[in-house]
Amino acid sequence: MTAATTATTMTPAELKAQEKAAKAAEKARQKRIAKDEAAERKRAEKSGFANVNNPRRSVLMTILCAIFAVYCLFPFVYLMINATKTQADFTSTFGLGFGHTFALWDNIVTVFTYQDGIFGRWLINTLLYVVVGAGGATLLAIMGGYALAKFRFPGRKAVFAVIIGSISVPGIALAVPQFLLFAKLGLTNTPWAMIIPSLISPFGLYLMWIFSEQAVPTELLEAARVDGASEFRTFWTISLPLLAPGIVTTALFTIVATWNNYFLPLIMLKDADWYPLTIGLNQWKDQASTAGGQAIQNLVITGSLITIIPLVIAFLCLQKYWQSGLAAGAVKE
């Protein structure tokens, strides 16, 4: 006898009783589930385990994160406060307290007009080194990492060993040999002395190699080749969009490294007209120690604050791509 035949032979009272029993059973099941979930949350809270659905606040972790945040933000707060002071207030007031006069705008104007506006020249030089040097390093890392990840050729393992060895050598150890080489070529005290070394980023190449291995499916490339796409078109139209998070991550590393580079321009450049911001601001800082020099710490602080603004903007604008790049491959689909 089928269920439909049984339902037709039951009286309305029996059907109503059956529906009532089903609702009661479902209600009891929901209560058991809620009770089990509450018990699980209590056990998780006692054991210290937490997940997205069962968050647990840790006082210790909150304190540690607060200390780390203060450590990271303290220099920035110091710059913002002291950039509002005059030179007299800078030397006579507490470092974390505001001065008697709010001189932020005056300091900014003076920074860009002091010594015939040399700060603007240093800013343009730094942007030049970043755009050409860091941009070129990112492009070379993308192309080299993609080729190493998706093509098989003799000597591939040797190239991998060279890259790992390059990463393990600190850049400061290569500065003197680079200076001797560029001196022989007559390139010292020129922009090329900053741009050419900045084009090489072993860590960026290794990062793009690993990212290309995971982010670009080989089957997708094979399908494009079967459809008649050239390797160049496959790279620019298919692979490059998939590599966007890794590209942004590599670009941020190379931009920060080039923007904050200090030792290389220190030994390569003698003409102040080619200084980046790092060397120029250090020259202003040391100005008071020279004979007849004038102390301009307020300008150094204000210039430092202006210097970090482009980096802050870059991080804020590219943060979502950077985070997605760091999390790529963390979840198996």
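- Arg29 has a carboxylate O that lies under 4.0 Å from a charged side-chain N of Glu26, or vice versa, which qualifies the two as a salt bridge.
- Within 6.0 Å of atom CZ in Phe151, more than 12 heavy atoms from other residues, nucleotides or ligands are found, so the atom counts as buried in its surroundings.
- In terms of modelled atom types and a separation under 3.5 Å, the side chain of Asn82 and the main chain of Tyr78 share a donor-acceptor contact.
- Not a single donor-acceptor pair under 3.5 Å links the side chain of Asn107 to the backbone N or O of Thr302.
- Partner of Ile81 under the side-chain contact (heavy atoms from CB on, under 4.5 Å) criterion, out of Phe98, Phe76, Phe94: Phe98 alone.
- Remark: aromatic rings of Tyr146 and Phe235 are close, center separation under 6.0 Å.
- Residues Tyr129 and Asn261 bring no donor and acceptor atom of their side chains to less than 3.5 Å of each other.
- Between the side chain of Ser212 and the main chain of Trp209, no donor-acceptor pair closer than 3.5 Å is present.
- For the atom pair Asn298 CG and Lys85 NZ, the distance stands at 11.0 Å (nearest 0.5 Å).
- A donor-acceptor contact shorter than 3.5 Å is absent between the side chain of Lys184 and the backbone of Phe179.
- Side-chain contact annotation: Thr138 with Thr254, donor-acceptor N/O pair under 3.5 Å present.
- Asn189 contributes a side-chain N or O that, together with a main-chain N or O of Asp271, makes up a donor-acceptor pair within less than 3.5 Å.
- Enclosure of atom CD in Glu231 by more than 12 non-hydrogen atoms of other residues, nucleotides or ligands within 6.0 angstrom is indicated.
- In this structure, CG on Leu243 lies 9.5 Å from OG1 on Thr250, to the nearest 0.5 angstrom.
- The structure places CD1 of Ile279 at 4.5 Å from CG of Leu266, a figure rounded to the nearest 0.5 Å.
- No donor-acceptor distance shorter than 3.5 angstrom exists from the side chain of Asp227 to the backbone of Ala229, with no hydrogens or angles considered.
- Counting heavy atoms of neighbouring residues, nucleotides and ligands inside a 6.0 Å radius, atom CZ of Phe153 exceeds 12 of them.
- Listed for the Thr126 side chain is a donor-acceptor partner under 3.5 Å among the backbone atoms of Leu277.
- Taken from CG in Leu187 to OG1 in Thr190, the straight-line distance is 5.0 Å, to the nearest 0.5 Å.
- Counted within 6.0 Å of CZ on Arg233, heavy atoms from surrounding residues, nucleotides or ligands total 12 or fewer; the atom is thus considered open.
- Sequence neighbours left out, not one pair with a member in residues 101-127 passes salt bridge (Lys or Arg N to Asp or Glu O under 4.0 Å).
- With rounding to the nearest 0.5 angstrom, the CZ atom of Phe119 is 10.0 Å from the CG atom of Leu299.
- Trp284 and Gln297 share no side-chain donor-acceptor pair at under 3.5 Å.
- Crowding of Tyr206 atom OH: a count of heavy atoms from other residues, nucleotides or ligands under 6.0 Å not exceeding 12.
- Although no hydrogens or angles enter the test, the distance criterion places a donor-acceptor pair under 3.5 Å between the side chain of Trp259 and the main chain of Thr307.
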